[in-house]
Amino acid sequence: MTDASRREAERLERQTDEGAQELRPTTREVVLAGGGMWPQDDLGDTMIINMGPQHPSTHGVLRLMMELDGEDVLRIKPVIGYLHTGMEKTGEELTYVQGTTNVTRMDYASNFANELVYSLAVERLLDVEVPERAVWIRMMMCELSRMSSHLLFQATNGMDIGAVSMIIYGWREREEVLRYFEYVTGLRMNCNYIRPGGVAADLPDGWQARVLDLCDTVEAGVAEYDELLSQNPIWLERTVGIGVITTEECLDRSVTGPILRSTGFAWDLRKAQPYLAYDQVDFDTIYTNNGDVYDRYRIRLYEILESAKIVRQCVEKMPTGDYRVQDKKLTPPPRERIDESMEALIHHFKLFTEGFKVPAGETYVAVESPRGEIGCYMVSDGSSKPVRMHIRGPSFYNLQSIDPMGSDSLVADAVAIVSSIDPIMGEVDR
Amino acid sequence: MADDTAREEDHEPAVNGDESVSASVGDDVAAAVVARFPGSVFVESHGQPVVYVDRSVIADVARLLRDEEQFTMLIDTVVVDHLLDGSRVSIDGVTPERFEVVVNFLSHARNRRIRIVCEVPAADPTVPSLTPVYLGANYAERESYDLFGITFEGHPDLTRILMPDDWHGHPLRKDDAAARVPVTFKGDPSPR
């Protein structure tokens, strides 16, 4: 009997006198998509499939080549470069004044860390000390940026693993942080606020009350996520013991940040090699011991609270004074002076057409971004543009951890693992 | 070596080469590298220890740092192209070449950093790979190969990482100008 005639016979059998069909539960064997039964004799065969670059849970344009044996992932290899925009080449074409506009677009989820590391490198080559108030403003904005970045992680990580409502909750609080960025810097993202010599503008009036409100909102949000996820059996099932990595594997692969801290290695540059004024504020390094997806989720959750703690101390201890170096060769004169002073006008014009010259030399500066150690290696030849401006993106190196984490996992866990690395492709591909 | 000549002017006879070197190098890790690999030059750059080594020994230097000096992590590998430099800091005892391979190391246990630099001539842009010593150098060396055309000998998978596989040239080289690739229109023969 052919397929068509069998289907017709079944239809006639189902058909009742009233011209309706009753669908009964079928007892026939399930036929797999692609035809035929599961090839029992071919179980040893593996297959290579691509995930991405256009996949909602790859956080941008990350492509993963996975070698599968059924559901089991044998190997994962990330393929990157889909967002390569030549930002290091662009950085060589821009003056030091313009440079922060470029680097702020690398790790777009925590742009202040990029601006900071670039500015610190330029300032070290110039041998310039920024005023105390600028240091504290920078620190506060960097911590707010850490909060917004980790809130973004909570949102997308929740969605990737299946707690879809997290994308709404995470976005809700992150939006408040971005609104504060807009209030201070004029822009929600890619703020270009931290610049060589200080920050672009002083904090607006009433910033204290608003940032304290913001901290309350975010802390309430974090408590909510904690209640929603941390003890949720489905969440635990999806995350505990998944994507395990050891300290040795992390160190060998240059993996930094929350991934390294999740393996029981409490290393945080803010504590170990303090920059800005991190040695004058009280906060804890969060670390855990299991090195799995759940630990990385919890570290980022609790780091939001530590950042809020630092922000509150910034409000208390914010010094008065200048928000940037008053060196006319380095920072533009106040707007009012341009109308009345010829020199101010000349300085303004020179600064924005030629920029300032930086003595020849090279330096490497590293700070702790939400993803790990972000570094800037800068080489100057004495002109107003860098010879080489290299950003050590933590995500670029952290992606190397996907191989030990993802080997011998399941396809469904691969999504959780990629999400727990929290890569920002803008920074990976630069 | 600059430090040796300074020493002679002070009328302090150097007892043997190694000791005089290690005494003149402020950083003890850098001193160990300089003592082990003759021809290496220590300089301090903005408070950071930097050692210029011959490119043939860079993998051995990395092994020394990892096995004996507790440098647990290779932080970064960067290449610099000095083709068009206006002025370049000259270091006594180092012959400047077009390319520089710069490797940053971090020791967590001792909480310190060191930078190893080697000069690479344009005629023979090859450097021993550090990937067999520190796995973390893998992507960084692929990136350096991709963007600068430096060949890392002994790298397990030296392929392009950021640019497309069929790309010609190395975009971060100074003679590879931005927008040098002509604009093409649909149907034109491909420039590459």
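Chain identifiers are assigned alphabetically (A, B, ...) following the order of the sequence lines, protein sequences preceding nucleic acid strands; residue numbering begins at 1 within each chain.
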- All heavy atoms of A:L260 vs all of B:M73, minimum pair found to be CD2-CE, 4.3 Å

- To the nearest 0.5 Å, how far apart are CG in A:L251 and OG1 in B:T72? 5.5 Å

- Task: Measure B:D157 against the heavy atoms of chain A and call it side chain, backbone, both or neither at under 4.5 Å.
- Result: side chain

- Task: Give, as side chain, backbone, both or neither, the part of B:V133 having an atom under 4.5 angstrom from any heavy atom of chain A.
- Result: backbone

- Note on the structure: From the list B:N111, B:L74, B:L147, the residue making the most non-hydrogen contacts under 4.5 Å with chain A is B:N111

- Distance-only, no hydrogens or angles: does the B:Q48 side chain make a donor-acceptor pair with backbone N or O of A:T363 under 3.5 Å? no

- Query: Which answer fits A:P78, side chain, backbone, both or neither, if we ask what part of it has an atom under 4.5 Å from a heavy atom of chain B?
  - Reply: both

- Query: What is the distance from atom CG of B:D76 to atom SG of A:C376, rounded to the nearest 0.5 Å?
  - Reply: 10.0 Å

- Query: Any sub-3.5 Å donor-acceptor pair from A:R388's side-chain atoms to B:D81's backbone N or O?
  - Reply: no

- Message: Return the CD to CZ distance between B:E143 and A:R430, rounded to the nearest 0.5 Å.
- Response: 4.0 Å

- Message: Could you go through A:E373 and B:L106, starting from their C-alpha distance and side-chain angles, then the distance that decides it, and tell me whether this counts as side-chain contact (heavy atoms from CB on, under 4.5 Å)?
- Response: CA-CA 11 Å; A:E373 174 172 334; B:L106 169 67; 4.0 Å; yes

- Query: What are the two closest non-hydrogen atoms of B:V50 and A:E362, and how far apart are they?
  - Reply: CG2-OE2, 4.1 Å

- Evaluation steps, side-chain contact (heavy atoms from CB on, under 4.5 Å), between A:V387 and B:K174: CA-CA 9 Å; A:V387 167; B:K174 291 286 182 186; 4.1 Å; yes

- Note on the structure: B:G136 and A:Y397 have their tightest heavy-atom pair at O-CE2, 3.6 Å

- Around A:K271, counting heavy atoms of other residues, nucleotides and ligands shown, do more than 12 lie under 6.0 Å from its NZ? yes

- Query: For A:E92 and B:L172, which heavy atoms make the closest approach, and how far apart are they?
  - Reply: OE2-CD2, 3.9 Å

- Message: Taking every non-hydrogen pair under 4.5 Å, which of A:S380, A:A272, A:C250 racks up the most with chain B?
- Response: A:A272

- Segment of B:R115 engaging chain A (4.5 angstrom heavy-atom cut-off): side chain

- The interface call for A:F265 against chain B, heavy-atom contacts under 4.5 Å, is side chain

- Query: Which residue out of B:R160, B:R113, B:H82 racks up the most heavy-atom pairs below 4.5 Å with chain A?
  - Reply: B:R113

- Message: So for atom OH, which belongs to A:Y108, do other residues, nucleotides or ligands contribute more than 12 heavy atoms lying within a distance under 6.0 Å?
- Response: yes

- Message: Which atoms of B:T77 are under 4.5 Å from chain A, going by heavy atoms: the side chain, the backbone, both sets, or neither?
- Response: backbone

- Message: Less than 4.5 Å to any heavy atom of chain B: does that hold for the side chain of A:F396, its backbone, both, or neither?
- Response: both

- Could you tell me which non-hydrogen atom of A:Q400 sits nearest to which non-hydrogen atom of B:L135, and how far apart they are? OE1-O, 3.7 Å

- Message: Looking at B:I75, is its backbone amide N or carbonyl O close enough to the side chain of A:R392 to form a donor-acceptor pair, meaning the two atoms are under 3.5 Å apart?
- Response: yes

- Message: Using a 4.5 angstrom heavy-atom cutoff, name the option from B:E100, B:H108, B:R66, B:M163 with the most pairs to chain A.
- Response: B:H108

- Message: Under 4.5 Å from any heavy atom of chain B, what part of A:L83 do you find: side chain, backbone, both or neither?
- Response: neither

- State, to 0.1 Å, how close B:L162 and A:V428 come at their nearest heavy-atom pair, and which atoms those are. CD2-O, 4.2 Å

- Task: Measure distances from A:K385 to the heavy atoms of chain B and classify the residue's part below 4.5 Å as side chain, backbone, both or neither.
- Result: neither

- Message: Is A:V79 close to chain B through its backbone or its side chain, or both, or neither, when contacts mean heavy atoms under 4.5 Å?
- Response: neither

- Item | Exceeds 12 heavy-atom contacts within 6.0 angstrom, atom CZ of A:R75 | no

- Nearest-0.5 Å distance that lies between atom CG in B:N138 and atom CG in A:D252: 10.5 Å

